[in-house]
Amino acid sequence: MSSDIALNDEIILEVRNLSVSFSRGGKEMKAVDDVSFSVAAGETLGLVGESGSGKTTIGRAILRLLPDANTKSEGAVRYKKTYLNTLSSTDMRHMRDRLQMIFQDPLSSFNPRRNVEDIVAEGLVIQGKPASERKSRVEAALSAVGFDLATVAGRKPHQFSGGQCQRIAIARSLAVEPELIVCDEPVASLDVSVQAQVINLLQDIRENRNLALIFISHDLAVVKNVSDRVAVLYMGRIVEIGTGPQIYERPAHPYTRTLLEAVPVVDATRKIEPDGKRTVMPSRNRPQGGCAFRSRCPRATQICAETVPAVTPAPRGQMVACHHPHDEPAPGMAVRTQR
Amino acid sequence: MDATPASHPILSCKAMTCEMDSVSGPLQILQDINFSLDTRRALGIVGESGAGKSMLIKAIMGIAPRGLRTKGRIELDGQDLSALKPKQRAKLIGRKVGIVFQNPMSSLNPFVQIGRQIEEAGCIHLGMSKAEARSRAIELLSFVGLPDPEDCYNYYPHQFSGGMKQRIMIAAALICQPDLLIADEATTALDVTVQKEVLDLLQTIQAQRQMSMILVSHNLGVVAGRTDEILVLYGGNVVEYGPTSEVFRNPRHRYTEALLSAMPAMDQPAHTRLRTIPGQPPNLANRPAGCPFAPRCPSAQAKCHEVMPAMSAGVHPSHRFACHFPLAEIAHVQ
Amino acid sequence: MTDIGNSPAFKPGPNAKLGDIVRHAMPWSSKMKLPGATPFEFLAAIFLVLLVLVALFVDFIPGLVSPKLPYGDFSQLPEWSLNGLFGTDDIGRSIFSRVLYGARTSMMIVAVSTTIALVSGLLLGMLAGYYRGIFERAVDLFANALAAMPSTLVVLAFVAVTGPSVVTIIVVLGIFDIGTYARVAKAGVISQSNRDYVLAARAMGATDSRVLLKEILPNLIPALTAVMPTLMAGLIITEGSLSFLGYGIPAPAPSWGGMIASSTDLLSRFPVLIVGPILAIVLTVYAFNTIGDYLAQRLNNRERES
């Protein structure tokens, strides 16, 4: 089953039928359910979804960072020619300089007892690079994010603001010269004025180094800005995946439309009229048959309760998991203006 | 409901200043805040972290941390709050103002049935009887959109999702039939789809109950289209204040404009370069003499670093901004 | 002490004078970094430093007689001289000398038992906290079993079998503290493992041992140093009780508990002769507990800040 089309042929990461479940107190909870996608070199794939959609779990499952205890993963994760999911933990460690991660809260992703130089050099120390090479690579990585090694080297992370910490975190990932970075909500904890710096920085780095990014976020506007392709997740499944324009201008899945309509946008001409809709979230512990979104879906019919919709091509080219996909443009999307 | 058309300010702040001591000297948390909110109007207060928005709300509500020195005049429904004794003041605020905070988990007591938590303020401030309070609470639960309100009354907070808890907090804020409802980052912790529903609910309630409302948020999108006026705070100062659509269509202060351009917009194509604002927000302990935004402002001149700009009016008389070199007025296109 | 906190300019409280005097009288003491310590905590720290110095260098104190040989008359009352400061015991040995040498015994037991307990507790606790599962259950069981046993009675039983020996006491006392250190370490590892920096290190390719030793261990030290003094105070008391019961440090070697035990016969006639060893135990235990409270307090403050 091929559930999406990468923009060019050089696919560096392929995820096939990934499922992850956590067991807690004897109960099993499926966090990720049969998710497949691929990422090409130099491409940004946005993973967007609300809390509980499994987006963070997917990112961690790819990098094999989920705890071993009480976790069950199935499916295949292929990086170039290597299947990551079947590697021994030693072989996986050797892959880690090519696959990196950036976290939501940069400060908590630093060991509070280390200084900036040690933090950025950590990956190189683990790889056993000689001290002379480390120094120059740390310097290069820090200057790529706009810092001068000499002025920041000995300082501790708590002496920096949130945006600066996130730049240091990016430098730490860059120091090992990865080919793919999983960014898990990298700007969610930042103020708007600082968020723009980090987004631009990530874009520059991606372009200059032909990096592939998996950009996990709940913010649809940020995802639209950074992503070439977007996957929309709902309760552990991909409901729709396609290029940015496909997803944002002609969303096929009713959930994608609900999400897009809910985004608070700055629009001086619009006066919002409340519509009084109310969400009833289905319970995660008692899995229901059929489409997970059907209880919230205005288009739901009998078939939605009976069969889980397969991911199939929608008329506009994206892939969608819906029995009754939309084809018309999203209302207001084309005319929506900032001011 | 009384239907007098004339509106008067439900809340007004005049020359309000807040200061607090810290290890590194006195912090100027808020400086010379002036605004007034008319009945049945909605005000948005926006600003980034450290701008002073939540301290402003706390100072108004009289729940500021110890050591905060507030100067200036705060009038609630025509009464000067600083002239009242603390007990009277608390009673007046409790009757007139309902507030919803960001985190419903810490605002709700996990061991008390939610119905009782909703009633509490009603029993204290309005002296409602048990039965009366109960029927009001159930009525409010159904009003904020909880299914089976009679059953919900007996449930405990953990039995509800985040969005539902925030609806419960709204019900609790409404029990005294306040004239003013304040939502302090009330939807920040919620998912977008739930956020929209809660914002819709707040807007509906405001219209139906003819209340005034203050929406406090760091997200400009949350207040856009849902408020009549907007107050933009930066480093403890009001930098721009005016009708929401005016401010968004035609921002005059350079900070407001920079902030709007720094936001990724839904109508930009992918990989659009965002405009960044260099530098960091001001240090409250050692603030510059002039405009708080001057160190980060690309158009700042010598005057900006020396003199704090006064509020001046734009073409729209109620659109005011504190900038020496404001952006040009954009012609109205209707 | 009623007006503390009312005036904003108020800094360390009326006791500040005591602290100032201490700092003034002992300028070197300002090198001890104890931010925010009260004068009592400061004095406790100085007392413990002195205790360690005495334990290490008691042999070199000029004029101090041997603790094992008679020095003067039996049961001589205290007098104003180095060796006669606390009087002499029932066979004429200097009580002051024996108290100082007793410090060496106590400190040695504290140091070795704590090392045994800390190293094994840390190892068990870190494995339990990091790998969870069967490790965790086994360590929990071990720690709970230890906590359920009255340590003094168990040591007594051991000593009854093996005969009184320093090694037995040190080892058994050490084993009893393993449980507490293991629990503290385990809780620390569990809370640290959830932080992103541990995940970040793993994403960098760090091995488990590197994550445990280089990332997590340094962040466990504050919590461990906070419980350590309190457990050390417990060791002093248990050792004292054992010696008092006659199952502690074998006879000629000086120990505080043993000295109290041997002077009980004289208690009705010369109660003043018991002051020295009792003072030593009380002050030491007090100092350890005070420092423990201080460290715990600082740890709390720091966690609240971060």
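Numbered from 1 within each chain, the chains take letters A, B, ... in sequence-line order. This structure is a prediction, so every number in the text was calculated from the model and none was measured.
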Pairs of heavy atoms under 4.5 Å with chain C: top-ranked of M101(A), Q127(A), R114(A): R114(A)

Interchain contact, L124(A) with chain C, by part (heavy-atom threshold 4.5 Å): neither

Interface moiety of R202(C) toward chain A, non-hydrogen atoms closer than 4.5 Å: both

Residue S193(C) versus chain A: region with a heavy atom under 4.5 Å: neither

Segment of V182(A) engaging chain C (4.5 angstrom heavy-atom cut-off): neither

D196(C) side, atom CG; I102(A) side, atom CD1 - distance, nearest 0.5 Å: 12.5 Å

Region of N111(A) in contact with chain C, defined by heavy-atom distances below 4.5 Å: both

Heavy atoms from other residues, nucleotides or ligands near NZ of K135(A) exceed 12 (cutoff 6.0 Å): no

Test log, rule side-chain contact (heavy atoms from CB on, under 4.5 Å), inputs L217(C) and L212(C): CA-CA 6 Å; L217(C) 181 60; L212(C) 274 172; over 6 Å; no

Nearest-0.5 Å distance, CG of residue L174(A) to CG of residue L201(A): 7.5 Å

Chain A interface, residue from I216(C), D208(C), L199(C) that has the most non-hydrogen pairs under 4.5 Å: L199(C)

Contact origin within R64(A) toward chain C - heavy atom pairs under 4.5 Å: backbone

Among L235(C), I236(C), T230(C), L231(C), the one residue meeting side chain to side chain contact (heavy atoms under 4.5 Å, CB included) with F288(C): I236(C)

Minimum heavy-atom distance between I126(A) and A201(C), given as atom pair plus value: CD1-O, 4.2 Å

